[in-house]
Amino acid sequence: MLSVGLCGCTTSSDGTDSDDGLGGAKLASSLQAYATQLLEADNGSMDTEQRDILQRVAETGEVSVSDYEAAWQRYQTCVVDKGYNRPQLLTYSNGIHQANSETMTAEQAADLTYAEKMAKDYDACMIAHVDGINALYMAQVANPNLYANHDEGAVDCLRRGGLVPKSYTLEDYREDQDKMAHKSDGKDPETGLDMDNPDVLACMAANGYMFTHP
């Protein structure tokens with residue numbers, strides 16, 4: 001069974017009201033503009049390959065599948081080069097990936113220095129090779145309206161895919177999140193989401209949720 005966690009949401013103050021029950025604040029005016037923003041925000045942590053891909057997106061407005069896959073392969077290689085096992089990727093029906101971190105032994109987990117170094121190394125590989133490309137690709141496949149708030153992006157994705165009724169609201173989604181976050185062990189709460197549907201998981205994963213296998 002999958003366990004679930006929620007990533008932090010990004011909000012923006014430059015959006016406008018919409019008539020679909022969503023706030024409408026946007027990450028950018030287009031995928032090209034979003035790519036340009038990410039390039040301008042880079043402090044030198046991205047590798048050359050990632051910057052080149054973002055530049056192409058800034059020109060074409062599209063992230064290719066081959067560029068996306070290559071970025072994740074460079075991430076995996078980076079982690080291995082730092083002395084860890086090759087990280088496994090969870091892949092969803094919309095093609096997006098999430099990385100599973102290496103499981104530490106009890107001894108490693110008790111070693112604060114090791115745990116901190118491991119987290120730093122994984123983060124460095126993610127920032128260098130994947131973060132910007134991943135943000136753009138997730139928006140491309142599951143948040144084309146570029147909602148800045150992950151919850152709004154997820155609701156929009158679920159509605160567009162016919163995975164929830166058009167009447168399903170942002171408040172419904174947040175209530176369902178809360179139920180899932182506080183469910184009792186072994187008991188699945190009753191929600192408006194079919195968590196056995198891979199496309200539901202894909203919408204959620206592309207809009208802020210992290211799923212991991214136990």
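On a predicted model such as this, the values are computed, not experimentally measured, just so you know.
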For [X], give me all partners under side chain to side chain donor-acceptor pair (under 3.5 Å), at least two apart in sequence or on another chain.
{"X": "Ser66", "answer": "Ser64"}
{"X": "Ser45", "answer": "Asn43"}
{"X": "Tyr168", "answer": "Asp176"}

All side-chain contact (heavy atoms from CB on, under 4.5 Å) counterparts of [X], not counting sequence neighbours:
{"X": "Val141", "value": "Asn94, Ile96, Tyr137"}
{"X": "Ser30", "value": "Gln32, Ala33"}
{"X": "Asp131", "value": "Met126, Ile127"}
{"X": "Thr105", "value": "Glu107, Gln108"}

Taking a hydrophobic cluster as the set of Ile, Leu, Val, Met, Phe, Trp and Tyr residues connected by side-chain heavy atoms closer than 4.5 Å, whether directly or through intermediates, do Met118 and Val80 fall within one such cluster?
->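 Each belongs to a different hydrophobic cluster.
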Is it possible for you to say whether Leu112 and Tyr122 belong to one hydrophobic cluster, with membership spreading through side-chain heavy-atom contacts below 4.5 Å?
->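 No: no chain of side-chain contacts under 4.5 Å links Leu112 to Tyr122.
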Which residue pairs satisfy the side chain to side chain donor-acceptor pair (under 3.5 Å) criterion with at least one member in residues 76-90, sequence neighbours excluded?
->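 Found Gln76-Arg86, Tyr84-Asp121, Asn85-Glu102.
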For residues 45-67, pull every pair meeting salt bridge (charged side-chain N to carboxylate O under 4.0 Å, His left out), keeping only residues two or more places apart or in separate chains.
->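 Passing the test, one end in residues 45-67: Asp42-Arg51, Asp47-Arg74, Arg56-Asp67.
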Applying ring pair (Phe, Tyr, Trp, His ring centres under 6.0 Å), name anything that partners Tyr34, two or more places apart in sequence or on another chain.
->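 Ring pair (Phe, Tyr, Trp, His ring centres under 6.0 Å) list for Tyr34, sorted by chain: empty.
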So does [Y] get a backbone contact from the side chain of [X], meaning a donor-acceptor N/O pair under 3.5 Å?
{"X": "Lys179", "Y": "Thr191", "answer": "no"}
{"X": "Asn207", "Y": "Ala142", "answer": "yes"}
{"X": "Gln98", "Y": "Leu89", "answer": "no"}
{"X": "Glu152", "Y": "Leu170", "answer": "no"}

Residue pairs fulfilling disulfide (SG to SG under 2.5 Å) with at least one residue in residues 48-79, sequence neighbours excluded |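 Qualifying pairs: Cys78-Cys125.
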is_close_aromatic(Tyr92, His97), centroid dist under 6.0 Å =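 Aromatic pair excluded; centres sit 6.0 Å or further apart.
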Inter-residue atom distance Leu163.CG - Arg159.CZ, 0.5 Å rounding =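 Reported to 0.5 Å precision, the distance equals 12.5 Å.
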Just distance, no hydrogens or angles: give the donor-acceptor pairs under 3.5 Å from side chains in residues 196-205, sequence neighbours left out.
residue : atom : partner : partner atom : Å
Asn197  : OD1  : Asp199  : N            : 2.8
Asp199  : OD1  : Ser93   : OG           : 2.6

